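Report on the following structure.
Numbering of residues begins at 1 and proceeds along the displayed sequence. This structure is a prediction, so every number in the text was calculated from the model and none was measured.
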Amino acid sequence: GGDGASVAVTRTGPSTLRVYASTQSGSMFAGNGDNLTKNITPKNTTTNENYPSGFVTYFHMDVENPNTIYYASKGKVLRTNDALNVSTTTWTDLGSLFLFGEEITAFETSKGVYNANTSFLYIGGSSGSIYKLKDPKNVQNINSAIKITPPVIEDGDGQYASDIVLHPTNPDIIMVTYSNYNVKSI
């Protein structure tokens with residue numbers, strides 16, 4: 001990644017790498033090796049416009065299931081379960097969790113073989129909120145996510161969730177880092 005960008009790499013063959021990269025303000029590309037020529041920026045098929053993104057374009061490839069990628073469109077989550085063949089118009093819009101303009105700033109997925117009952121997507125927001133979504137590969141709407149924000153984090157204190165890390169075998173144990181200027185110690 002870089003300033004305002006994310007990157008993910010997966011192996012598609014013995015000597016072939018598939019690379020996914022974003023740029024500032026929403027664009028996303030895919031390709032093999034250093035040939036990132038396929039534009040996969042999610043496009044709203046109703047308006048024929050790209051989904052909006054913040055300055056930093058957040059997306060997350062599920063490391064255990066690299067065909068699944070989650071993309072942050074401000075407060076909305078979009079998903080593809082077919083990363084190798086994704087196009088600008090084949091993303092699934094799962095909707096938004098956040099009220100009052102909070103944007104997505106972090107994603108993480110649980111580890112291990114995918115199981116609808118024990119696999120989760122964790123979502124962090126620009127006001128510090130953390131949500132946990134069960135069976136993220138199959139849900140059609142994000143409304144079933146539960147808020148698990150630590151009680152010491154107060155919305156609007158200026159902090160945002162900058163990263164989420166999970167315990168390798170227990171999806172109930174997570175660590176979240178918070179960033180911004182003047183963040184209170186927690």
Ile130 with Met175, same ILVMFWY side-chain cluster at under 4.5 Å: no
Ring geometry between Tyr70 and His60 (parallel below 30°, tilted from 30 to 60°, perpendicular above 60°): parallel
Interatomic spacing from OH in Tyr114 to CG in Asp135 - rounded to 0.5 Å: 3.5 Å
Passing candidate, side-chain contact (heavy atoms from CB on, under 4.5 Å) with Met28, options Asn39, Thr23, Thr41: Thr41
From CZ (Phe120) to CG (Leu166), nearest 0.5 Å: 10.5 Å
Lys76 to Tyr51, cation-pi by 6.0 Å centre distance and 45° axis angle: no
Cluster link Val86 to Leu84, ILVMFWY, side chain under 4.5 Å: yes
Derivation of the side-chain contact (heavy atoms from CB on, under 4.5 Å) call for Asn81 and Asn67: CA-CA 5 Å; Asn81 287 326; Asn67 244 350; 5.9 Å; no
Audit row: Ile148, Tyr122, side-chain contact (heavy atoms from CB on, under 4.5 Å) steps and yes/no: CA-CA 9 Å; Ile148 61 169; Tyr122 297 82; 4.0 Å; yes
Any Asn32 side-chain heavy atom under 4.5 Å of Arg18 side chain: yes
Leu36/Val19 under side-chain contact (heavy atoms from CB on, under 4.5 Å): CA gap, chis, key distance, verdict: CA-CA 7 Å; Leu36 299 177; Val19 179; 3.6 Å; yes
Shortest non-hydrogen contact between Phe107 and Tyr58, atoms and distance: CE1-O, 4.2 Å
